[in-house]
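A quick write-up on the structure given underneath.
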Amino acid sequence: MIPESHPLQELFLEMVGRHYAEEIGLRDPQIVNYVAHLLAEFCEVEQMFKVQNVGGKPLSDVGEMLAESDPVYGPAPSFDRERQVRKHIGDYTLFFTGMFPESINHFRLRRNRVENFVDWMKAGKESYYIVSKFEHFEYARVAPLFASLSSHFEQCVFGLNRVKNELQEMQHPIVRRANDLIM
């Protein structure tokens, strides 16, 4: 876990907050904090692949994750497990569709995957919606956040894409050279 005071967390919070407010009009501090924290958390690769199947294999296929989340017909032993996996599906699809949309087709072209039949945007939006329906006991406080993430999923993806573009510009040699001259 990356602490709130980490420079990377602060960078993402500033960038997400600015792009979400200025470009898509989304000024919800909970959503901004959540998405910024997600970006920082996914800088650690093992966080992206923390959902594992029964055999302990990390899952990267959204279709397999959806199957893993099913407590009725699938292997999920409880509704808590369904919530955990669905939250991860929402996070995973938001991250990839916003930051690396070009990689989604690359994943699909590599081999036969269950996710070839899955619409990532729909899976992410639906997963956050399902997580929002866990609105009792320890989940009552965060349920409205996931309802907001679900209803604003497409906007969050677009805002993340703008963050990605800014990060790419920061890496451009012209920008680097200008920063060197200014600093």
Side-chain angles (χ1 to χ4, degrees), residues 1-4 6 8-9 12-13 16-17 20 26 28-101 103-104 107 113-115 117-161 163-164:
M1 294 283 295
I2 294 179
E4 297 293 321
H6 192 280
L8 198 54
Q9 177 74 23
F12 290 145
L13 187 59
V16 170
Y20 277 34
L26 190 57
D28 183 329
Q30 283 189 304
I31 289 178
V32 168
N33 284 327
Y34 186 86
V35 172
H37 182 74
L38 174 66
L39 288 175
E41 190 175 293
F42 274 16
C43 284
E44 297 177 13
V45 171
E46 56 274 353
Q47 290 299 316
M48 276 190 271
F49 305 108
K50 64 184 174 186
V51 171
Q52 301 175 354
N53 65 13
V54 179
K57 174 188 165 251
L59 299 178
S60 63
D61 182 306
V62 175
E64 289 177 358
M65 287 183 215
L66 287 167
E68 182 69 27
S69 74
D70 191 335
V72 178
Y73 300 108
S78 67
F79 288 106
D80 279 337
R81 173 69 173 163
E82 175 188 25
R83 184 192 182 279
Q84 173 195 17
V85 175
R86 283 294 190 152
K87 178 185 172 299
H88 184 73
I89 293 168
D91 294 347
Y92 189 84
T93 57
L94 176 61
F95 178 77
F96 274 100
T97 56
M99 297 296 286
F100 304 104
S103 70
I104 294 169
F107 286 149
R113 297 168 64 96
V114 177
E115 75 188 13
F117 303 104
V118 175
D119 176 338
W120 280 45
M121 296 283 279
K122 182 179 176 192
K125 185 175 183 120
E126 177 184 84
S127 290
Y128 278 151
Y129 176 78
I130 290 170
V131 171
S132 78
K133 293 305 170 187
F134 286 77
E135 50 197 4
H136 302 290
F137 307 114
E138 70 267 25
Y139 303 126
R141 191 178 49 80
V142 295
L145 168 63
F146 290 100
S148 291
L149 283 165
S150 176
S151 64
H152 298 292
F153 193 84
E154 294 87 352
Q155 293 168 297
C156 290
V157 167
F158 178 76
L160 269 182
N161 193 259
V163 168
K164 174 191 107 163

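The shortest distance between side-chain heavy atoms of Ile89 and Glu126 does not fall below 4.5 Å. Between Arg81 and Glu68, the closest side-chain pair of non-hydrogen atoms falls below 4.5 Å. Side-chain atoms of Pro101 and Asn161, non-hydrogen and from C-beta on, do get closer than 4.5 Å to each other. Inter-residue side-chain proximity for Tyr20 and Asp28 is flagged as unmet; no heavy-atom pair is nearer than 4.5 Å. Between Asn53 and Pro75, every side-chain heavy-atom pair lies at or beyond the 4.5 Å cut-off. Put simply, the side chain of Tyr129 does not reach to within 4.5 Å of the side chain of Ser151, judged on heavy atoms.
The heavy-atom pair separating Met65 from Leu59 by the smallest distance is CE-O, 3.3 Å. Residues Tyr34 and Lys87 approach most closely at OH-NZ, 3.2 Å, considering heavy atoms. Annotation for Gly124 and Thr93: closest pair CA-OG1, 3.0 Å, computed over non-hydrogen atoms. In this structure, Pro71 and Ser78 approach most closely via the heavy-atom pair CB-O, 3.9 Å. What you find for Ser127 and Gly90 is that their closest heavy atoms are CB-N, 3.9 Å. Contact between Val163 and Leu39 at its shortest, heavy atoms only, is CG1-CD1, 4.4 Å.
The number of heavy-atom neighbours closer than 6.0 Å to NZ of Lys122, taken from other residues, nucleotides and ligands shown, is 12 or below.
His88 and Phe42 have tilted rings, their planes meeting at an angle from 30° to 60° on a 0 to 90° scale.
Between atom CG of residue Leu145 and atom CG of residue Leu149 there is a gap of 4.5 Å, rounded to the nearest 0.5 Å. One finds the OG1 atom of Thr97 at 9.5 Å from the CG atom of Asp119 (value rounded to the nearest 0.5 Å). Interatomic distance, CG of Leu94 versus CG of Leu160, reported as 5.0 Å (0.5 Å rounding). Here Arg86 contributes atom CZ and Lys133 contributes atom NZ; the two are 14.0 Å apart, rounded to the nearest 0.5 Å. Summarising the geometry, atom OH belonging to Tyr92 is positioned 8.0 Å from atom CG belonging to Asp61; distances are rounded to the nearest 0.5 Å. We find the NZ-CE distance between Lys164 and Met99 to be 8.0 Å, quoted to the nearest 0.5 Å.
Between the side chain of Tyr128 and the backbone N or O of Asp91 there is at least one donor-acceptor pair closer than 3.5 Å. Within the 3.5 Å criterion, the main-chain N or O of Lys125 finds a donor-acceptor partner in the side chain of Ser150.
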Just do the side-chain contact (heavy atoms from CB on, under 4.5 Å) check on Leu8 and Cys43 with the steps written out, would you? CA-CA 9 Å; Leu8 198 54; Cys43 284; 3.5 Å; yes

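Every residue meeting the side-chain contact (heavy atoms from CB on, under 4.5 Å) condition with Gln155, not counting sequence neighbours, appears here in chain and number order: Ile24, His152.
In this model, a donor atom of one side chain and an acceptor atom of the other lie less than 3.5 Å apart for Asp80 and Tyr139.
Cation-pi geometry between Arg83 and Phe146 is met: the NZ or CZ atom falls under 6.0 Å from the ring centre, inside 45° of the normal.
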